[in-house]
Amino acid sequence: MHFYAKARHQQRPSIHDPSVRRRRLGLLRAAGLNFILLQLLFLGLYCYLFGSLFQQSTHIHNLQVVFVDYDGGAVGSAVRAAYQQLQGPGFPTLSEQPVSAYPQPSSILTAVCNIAYWGGLYTSADASSRLVAAFGGGAAAVFYNASDVLTLVWNEARYPTVVDPAIATNMQSLSEAARVAYFQINGMQALRELNSTDPAAIAVFTNPWTLTSTNIQPTVQGSRLIYNTLVIILILIQEFFYLGYINGLYQQFQLYVSVAALRIAIVRQLISGLYTLTGSLCVSGAIWAFRSGWNVNGGQFMLTWMVLWLFAHCNFLVLDVFTIWLPPPGVPMALITWIVLNVTSILLPFELSPGFYQWGYALPAHSVFQVLLDIWSGGCNPQLDYALPVLFAYELIALTLSSIGVYRRANYAMIAKEAEEKKWKERIAAALSEQLQQQRIEEAPSPPTLSSVRTDREQQPDRTRQHDTVALIPDQEALTGHLWQEMSRLEKPPTGRQSTGPCFDLPFTD
């Protein structure tokens, strides 16, 4: 058995042959032009993506944390002094508000839940006086609660990879710095009041408080890292691949020239709805299967499924619009651009990116992620007033354009079929006419001679043949139509052995 004998031993023209040379130069020119185009496209996408992350740490000051001092004593003063030392571009902005604005700690929780702030820090009432009393020892030291001094309210479900270091870690650093500042300001007085013989008082002195964390929705599972990256990317790719299969099947089975456009549009929307419904169920199921103790319930699962269904379906329609209205070479480029733009809009909160990137509010990925955060944190990300309208706007506009696109495809499919049918019929008719003319020339009678006189019996076959030839002329059009019908039958697609791999139309081919 030879190793691909036809590829190795088949005679082919030299690479310097004029016909091969022309094709070789055309290949190099097209490959070079598309090489440059794709490099520029991906360079632009990389710059756009990295630009959104550029100097992220210097934008942390855009994250606002409200501070309310219910104590009004030394602890609050220590927090202010510590913030003066830590304040900078890489530290959240501590926005102090009067007690009248937030009369109860629950009102701070509400403000954080309503995303007025990324976090809330407050001192407990009478915290300073209880601390000073604990230094004296006795019952005040024994029952002293170090966790009831300084409290942080935050929502880890809201960009957990951001709020963990930017809010939770920085506020912990602020609490540690505030303890140092407290003893710098009040150290001598604390030493005078300290009961050095009471172990409880000494324990309070060495650890006057610990930062208490009130986390609205703890989100610590490892899969949280890809909710705003790979999950969105895979949803978009999933829709694109099935859309490609559907378009290929409609073309392969020539449905655009054999089925009414309205029926095609209805069936395509039903197929897309069922496919995205099933796909979003699988995505939601995978998130729930690997939630690793995440405190979410069945109702939140159903809402997650529904909003992912809406997102998947509107993107299926958007990608379908790309395949309808963009030239074929531009579709893969549009896909990768669409993915990068959408994912960039949710990699970071807009507070940590340059202001230009706020146009991402108009992208469906940003909207769906905000809705998901609202669902997962029990309503503590109220941005549905713009997020849902954006998603439904994409759904309605893309649904309309996709349905119109069915008529567009059917129209051009019929035009192409009629042109091809006309071309082949003309070629078949020309071939038949040429054959008929040749047959007439061959059957033309020669001049009569004495030696060529035929009997009636000898001439009978010639008459019969002439009669058949004449009868063939009226049936020429019917024969041509029959041949076209046979040639236009569906052919079996090539097998894997015949395939040369996936290929795309190129923007430049000459």
Do [X] and [Y] get their side chains close enough for a donor-acceptor pair, meaning under 3.5 Å?
X	Y	result
W338	N315	yes
W154	S213	yes
N34	R29	no
Q217	N155	no
R409	T323	yes
W376	T304	yes

(message) Rounded to the nearest 0.5 Å, what separates atom CZ in F316 from atom OG in S402?
(response) 7.5 Å
(message) Just verifying a value: how many Å separate L399 CG and D320 CG, rounded to the nearest 0.5 Å?
(response) 10.0 Å
Between the main-chain N or O of [Y] and the side-chain N or O of [X], is there a donor-acceptor pair closer than 3.5 Å?
X	Y	value
S128	V75	yes
T123	Y70	yes
S129	D126	yes
H59	Q55	yes
S353	F350	no
T337	M333	yes
T93	N62	no
N114	T110	yes
T169	D164	yes
Y250	L255	no

(request) Show your working on side-chain contact (heavy atoms from CB on, under 4.5 Å) between L388 and Q370 and close with a plain yes or no. (result) CA-CA 9 Å; L388 288 178; Q370 299 307 317; over 6 Å; no
For the aromatic rings, using the six-membered ring if either is Trp, is the centroid distance between [X] and [Y] under 6.0 Å?
X	Y	answer
Y275	H313	no
Y122	Y102	no
Y227	F369	no

(request) Mind listing the closest non-hydrogen atom pair of L308 and I235 along with its distance? (result) CD2-CD1, 4.0 Å
(request) Under the side-chain contact (heavy atoms from CB on, under 4.5 Å) rule, what do R224 and E156 come out as? Steps first, then yes or no, please. (result) CA-CA 10 Å; R224 66 180 185 162; E156 193 175 13; 3.3 Å; yes
(message) Any non-hydrogen side-chain atom of R179 less than 4.5 Å from a side-chain atom of P208?
(response) yes
(message) Measuring only between side-chain heavy atoms, which start at C-beta, is V79 closer than 4.5 Å to L94?
(response) yes
(request) Might you confirm whether atom OH of Y386 has over 12 heavy atoms from other residues, nucleotides or ligands at distances under 6.0 Å? (result) yes
(message) Assess whether a salt bridge exists between D71 and R130, defined as any Lys/Arg side-chain N lying under 4.0 Å from an Asp/Glu carboxylate O.
(response) no
(message) Students often mix this up, so state it plainly: with edges at 30° and 60°, are the rings of F301 and W305 parallel, tilted or perpendicular?
(response) tilted
(request) Could you please spell out the steps behind the side-chain contact (heavy atoms from CB on, under 4.5 Å) verdict for I346 and N342? (result) CA-CA 7 Å; I346 56 176; N342 275 275; over 6 Å; no
(request) Flag this pair as yes if the NZ/CZ of R408 is under 6.0 angstrom from the six-membered ring centre of Y256 and inside a 45 degree cone about the axis; otherwise no. (result) no
